[in-house]
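To keep things clear, I will list the structure first and then write my remarks on it.
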Amino acid sequence: MSKQELMIYIRPGKCDYCGCCVGVCPEDAIELMESRIEIIEERCTNCKKCVWACPWDVIEFHRDGVKDLSNKLNALDENQFAKTI
Amino acid sequence: MIKEFYDIIIVGAGPAGTTAARYAAQKGLSVLVLEKDRDVGYPVRCGEAVSHDGLLQFIEPDKKFIASTCRKLRFISPNGNFSTIPIEGKGYVLERRIFDYELAKIATDCGAQVITKAYVYDLLKNENGNASGVKALIKDEKIEIKSKIVIAADGVESRVGKWAGIDTTCRIDDMESCAQVTVSGIEFTEERLDLYFGKSVAPGGYVWIFPKGKNTANIGIGISTIDAKEKSAIKYLNEFMEKHFPNAAILTRIAGGVPCAVTIGTLVKNNVVLVGDAAHQVNPISGGGIITGMIGGMMAGEVVAEAILKNDFKILNEYPKKWEKRLGWRHEIFHKLKDSVGNFDDKFFDNLADSCSKIPEEKQSLGQVFRTALWNQPSILIDLAKVFI
């Protein structure tokens with residue numbers, strides 16, 4: 001089976017680094033440091049358990065994949081920011 | 001200064017890790033504790049309640065790390081009915097950031113070394129595949145430190161056990177997803193712990209209000225991940241706060257996860273030993289894990305020390321046996337009970353609290369609440385039977 005595209009996305013800067021997601025991840029696919037969190041793309045199977053477990057609502061599931069999503073979201077945020085000034 | 005070699009490296013400086021360090025260092029072993037955060041004891045991801053008797057096994061209760069002393073416990077049902085019962089002995093709400101410091105100080109007084117901002121990212125392994133130390137990132141520098149044994153006290157987010165080949169993943173239906181605020185500016189009864197139950201309030205869990213001195217409290221929620229896939233703990237907590245304490249000043253907000261599971265079946269493998277949340281040494285019903293984790297840490301620290309001193313690693317297997325005998329079997333029963341409690345609907349809790357409120361307060365006890373529950377819902381008997389079969 002070919003590797004699916006990554007669909008799990010952690011909103012940068014929103015995470016509280018509590019580790020709940022790491023505890024339920026069956027693939028050891030999340031790297032958590034004091035104030036940094038990353039999905040290890042090669043290991044993630046998009047099982048969504050981290051999305052359900054997150055108490056903070058910061059892990060998102062994107063059916064179409066998350067490639068370039070951060071760029072799009074950043075652009076979006078900037079637009080919204082631009083509107084406020 | 002970090003040495004090249006230690007008898008024991010402990011990953012994580014929570015209560016389980018520093019307690020393991022204390023009991024191993026007491027026997028004269030060289031012990032290094034590595035903590036990924038810059039502070040021991042902070043951020044506090046905990047409701048902070050413990051029992052007096054539990055605490056006394058390890059440390060003399062001291063007002064510098066005790067925020068409140070509680071003698072009553074109140075259960076509140078979804079419609080606001082409640083039942084107040086006295087706590088046998090008494091309970092404390094801790095200041096974990098000071099408490100954890102104290103435990104680390106005890107460990108270092110016994111000879112252990114503690115280093116913060118030290119992130120362990122892999123194990124070192126020998127030719128037999130056994131752990132022989134850790135790879136760590138300390139002050140942005142990658143270093144390798146060798147040891148005879150690695151104790152994994154790395155919490156709910158534990159990965160050390162996985163690297164040693166132990167499946168430490170918490171089942172999604174056992175993970176309690178938690179959120180907590182510490183608030184001030186509202187009125188509480190300082191001597192009472194409040195627990196709110198009900199599917200609409202906290203599906204598969206409860207809301208706690210643990211006072212921390214006058215007009216300050218930890219208000220937190222734990223919900224079953226599987227029962228609330230579409231709605232997160234923080235949303236439930238925000239709703240609760242809006243309804244009950246809309247004017248509270250929120251001093252901190254914190255997220256967390258509690259593995260309300262049975263203890264991990266393999267506590268020792270390839271020279272790695274699991275303790276605390278990393279070993280799922282948590283009371284599966286209450287979610288309490290401070291004292292249970294310290295008990296696990298003490299047992300592991302003592303057994304590992306003996307194994308190293310006698311140079312016989314078969315002795316390590318005494319640790320899971322000791323744990324099973326003291327708490328493991330009990331947690332298995334609690335875990336089965338948890339499933340039944342999780343299935344009760346709001347009406348059950350309403351009726352229970354209503355019936356209990358008719359019992360005079362001086363006659364209320366946990367046993368009385370239980371008898372009343374039985375009266376209201378005889379099917380508990382069937383659930384209880386399941387526990388013992």
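FYI, side chains are in, hydrogens and waters are out, and symmetry mates aren't considered; it's all heavy atoms of this structure. Each chain gets a letter, A, B and so on, in the order the sequences are listed, and its residues count up from 1.
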More than 12 heavy atoms of other residues, nucleotides or ligands under 6.0 Å from [atom1] of [X]: is that the case?
X      : atom1 : value
B:Y42  : OH    : no
B:Y101 : OH    : no
B:K231 : NZ    : yes

Pick from B:S177, B:G222, B:A233: which one has the most heavy-atom pairs with chain A under 4.5 Å?
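Heavy-atom pair counts peak at B:S177.
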Shortest non-hydrogen contact between [X] and [Y], atoms and distance:
X      : Y      : answer
A:D57  : B:K235 : OD2-NZ, 2.8 Å
B:I172 : A:A53  : CD1-CB, 4.3 Å
B:Y119 : A:L32  : CE1-O, 3.1 Å
A:P55  : B:C178 : CB-O, 3.1 Å

Heavy-atom distances under 4.5 Å only: say whether [X] touches chain A with side chain, backbone, both or neither.
X      : value
B:I223 : neither
B:K229 : both
B:K117 : side chain

Got a salt bridge between B:R45 and A:D16, using NZ or NE/NH1/NH2 to carboxylate O under 4.0 Å?
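Yes, charged N to carboxylate O under 4.0 Å.
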Can you tell which part of A:E27 gets under 4.5 Å to a heavy atom of chain B, answering side chain, backbone, both or neither?
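Neither part.
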Is B:L137 close to A:M33 at the side-chain level, that is, under 4.5 Å between some pair of heavy atoms?
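Yes, side chains in contact.
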Pick whichever of A:I30, A:V22, A:D28 has the most heavy-atom pairs under 4.5 Å with chain B.
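Maximum pair count with chain B is reached by A:D28.
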Determine the option with the most heavy-atom pairs under 4.5 angstrom with chain B, choosing from A:C21, A:G19, A:C15, A:C54.
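Going by pairs under 4.5 Å, I would pick A:G19.
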Quick check for you: to the nearest 0.5 Å, what is the distance between A:E34 atom CD and B:T116 atom OG1?
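Here the rounded value is 8.5 Å.
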Kindly say whether A:W56 contributes a backbone atom to a donor-acceptor pair with the side chain of B:S232 at under 3.5 angstrom?
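No: the side chain of B:S232 does not pair with the backbone of A:W56.
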